[in-house]
Each structure stands twice: as C-alpha cells, then as structure tokens.
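Sequential numbering from 1 along the given sequence is applied to the chain's residues.
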Amino acid sequence: MNTDDTTRQYGAAIALVSGLYSLLSVTTGSGMMSSNSGLLMALLGVIVLVHGVVLLTPYASWLGNASGPLMIGYSLLMLLNQALVGVTGSMDWGMGSGMGSGMNGGMGSGMGSSMTAGMGWDLGMVALAVLMLLSGVIMTNRRTDSSGM
C-alpha cells in the first residue's frame with residue numbers, strides 16, 4: 001500500500017473523529033452553543049469534518065500541500081480554545097460575567113458563573129487536538145519527502 005494513501009487515511013480518520021467529537025460536545029453540552037467557545041468548536045467541527053471527508057475522496061488532490069498545515073491550524077485553534085476555557089473557567093473565555101442589573105442581573109450572573117466555574121479543559125478535545133497536530137506535522141513532512149499526497 002502507498003504510504004501517502006495510508007497517511008491521508010489516518011489524517012482523515014483523525015479529522016472525522018475530531019470533527020464529530022467537536023460537534024457532539026457542543027450540541028450535547030448545556031448552553032455551550034450560545035457561548036464563544038461553543039460557537040468556535042461548532043464551526044471548527046464542521047470544517048474539520050468536511051476536511052476529513054474530502055481526504056477520503058479523489059478530491060483530496062484539490063487540497064494539494066495545504067492539508068497538513070490546515071490540520072495544524074485546526075489543532076492549534078482547538079488547543080487555544082481549550083486553554084482559554086481552562087484559564088478563565090468560562091465558555092465565554094471570561095467575558096460577560098457580572099453584567100446586568102437588578103433582579104435579573106444578580107440572579108443570572110451568579111448562576112452563570114457558578115455553572116461555568118471549574119469546567120476547565122475538555123481532555124478528550126485536547127487529546128484529539130494533539131493527535132490532529134501530530135497528524136498535520138506528519139502529513140506536512142511526508143509531502144516534502146515525496147511527490148504529494
């Protein structure tokens with residue numbers, strides 16, 4: 001079997017699993033879709049999922065040498081998102097807490113911050129992002145050593 005085909009298939013498998021995990025974690029998480037982190041992960045999930053599907057088709061050649069660097073970029077965005085969530089303890093990266101006034105503001109911000117405090121890193125997402133990063137590096141290095149994917 002051609003090692004470029006195998007590398008592309010592994011990259012596709014990682015992209016499909018990462019994209020699906022992103023979408024599932026956003027759609028099943030309570031209130032995640034309305035947060036900055038959730039919106040970013042939903043958008044990335046769709047893009048990564050489409051990228052994975054394309055890698056399994058003859059249209060993979062359309063991506064040319066961009067597939068590896070794209071996967072590196074996706075993984076870095078995923079890791080940055082997780083770092084922001086982990087550091088701020090909020091799916092909105094620490095923005096917007098404590099806003100509002102009167103009864104609504106007091107009750108809403110208190111519940112919101114207690115619900116998101118301690119959410120921290122999604123270790124599954126971090127693991128998939130690291131695998132995607134390594135896959136992107138391998139795909140990039142493989143292409144420079146041979147004629148293409």
Side-chain angles (χ1 to χ4, degrees), residues 1-99 108-109 111-149:
M1 178 176 257
N2 185 351
T3 58
D4 289 337
D5 289 339
T6 304
T7 303
R8 184 174 42 84
Q9 290 168 350
Y10 283 133
I14 291 169
L16 290 171
V17 170
S18 297
L20 282 173
Y21 185 86
S22 258
L23 289 173
L24 286 174
S25 67
V26 168
T27 57
T28 59
S30 60
M32 281 185 66
M33 201 55 174
S34 62
S35 68
N36 294 332
S37 175
L39 292 174
L40 175 64
M41 292 315 297
L43 179 64
L44 271 174
V46 168
I47 293 170
V48 170
L49 194 61
V50 168
H51 186 182
V53 169
V54 169
L55 286 174
L56 294 174
T57 68
Y59 299 111
S61 62
W62 284 2
L63 292 171
N65 291 337
S67 193
L70 282 171
M71 290 185 77
I72 292 169
Y74 304 150
S75 66
L76 293 176
L77 284 174
M78 288 177 175
L79 290 170
L80 175 64
N81 182 48
Q82 289 302 307
L84 287 171
V85 169
V87 168
T88 65
S90 170
M91 297 307 262
D92 278 323
W93 307 314
M95 298 179 217
S97 61
M99 297 213 171
S109 66
M111 286 180 65
S113 58
S114 67
M115 287 172 61
T116 57
M119 279 187 146
W121 296 67
D122 178 349
L123 294 180
M125 184 62 67
V126 172
L128 287 170
V130 168
L131 281 174
M132 186 179 289
L133 177 64
L134 294 173
S135 175
V137 169
I138 290 168
M139 290 171 80
T140 301
N141 288 337
R142 174 74 61 190
R143 266 196 305 281
T144 58
D145 294 341
S146 61
S147 60
M149 275 280 171

**Study point:** Minimum heavy-atom distance between Ala42 and Leu23, given as atom pair plus value
**Key:** O-CD2, 3.6 Å
Exercise for review: Take Met125 and Asn81 through the side chain to side chain contact (heavy atoms under 4.5 Å, CB included) test and state the conclusion after the steps.
Suggested key: CA-CA 10 Å; Met125 184 62 67; Asn81 182 48; over 6 Å; no
**Study point:** Spatial distance of atom CG (Leu20) from atom CG (Leu49) [nearest 0.5 Å]
**Key:** 5.0 Å
Study note, to complete from the structure: Tightest non-hydrogen contact, residues Gly52 and Ala15, listed as CA-CB, 3.7 Å
**Study point:** Min side-chain heavy-atom separation Met139-Leu63 under 4.5 Å
**Key:** no
Point to revise | Taking every non-hydrogen atom, the tightest pair across Ala12 and Leu55 | key: CB-CB, 3.6 Å
Review point. Looking at CG of Asn65 and CG of Leu70, how far apart are the two atoms once the value is rounded to the nearest 0.5 Å?
Key: 11.0 Å
Check your understanding: Taking atom OG of Ser18 and atom CG of Leu133, what is their separation to the nearest 0.5 Å?
Key -> 11.0 Å
**Study point:** Spacing of Met71 atom CE and Leu131 atom CG [to the nearest 0.5 Å]
**Key:** 9.5 Å
Review point. If we only count heavy atoms from C-beta on, is the Tyr10 to Ile138 side-chain gap below 4.5 Å?
Key: no
Revision key, fill the gap. Which of Val126, Leu40, Leu128, Leu44 passes side-chain contact (heavy atoms from CB on, under 4.5 Å) with Met78? It is Leu44
Check your understanding: Taking all non-hydrogen atoms of both residues, which atom of Val54 and which atom of Tyr59 are closest, and how far apart?
Key -> CG1-O, 3.9 Å
**Study point:** Over all atoms of both residues, closest heavy-atom pair of Ser135 and Ile14
**Key:** CB-CD1, 3.8 Å
Review point. Which atom pair, heavy atoms only, marks the closest approach of Leu56 to Arg8?
Key: CA-NH1, 4.1 Å
Check your understanding: So do the side chains of Asp122 and Met41 get within less than 4.5 Å of each other, counting heavy atoms only?
Key -> no
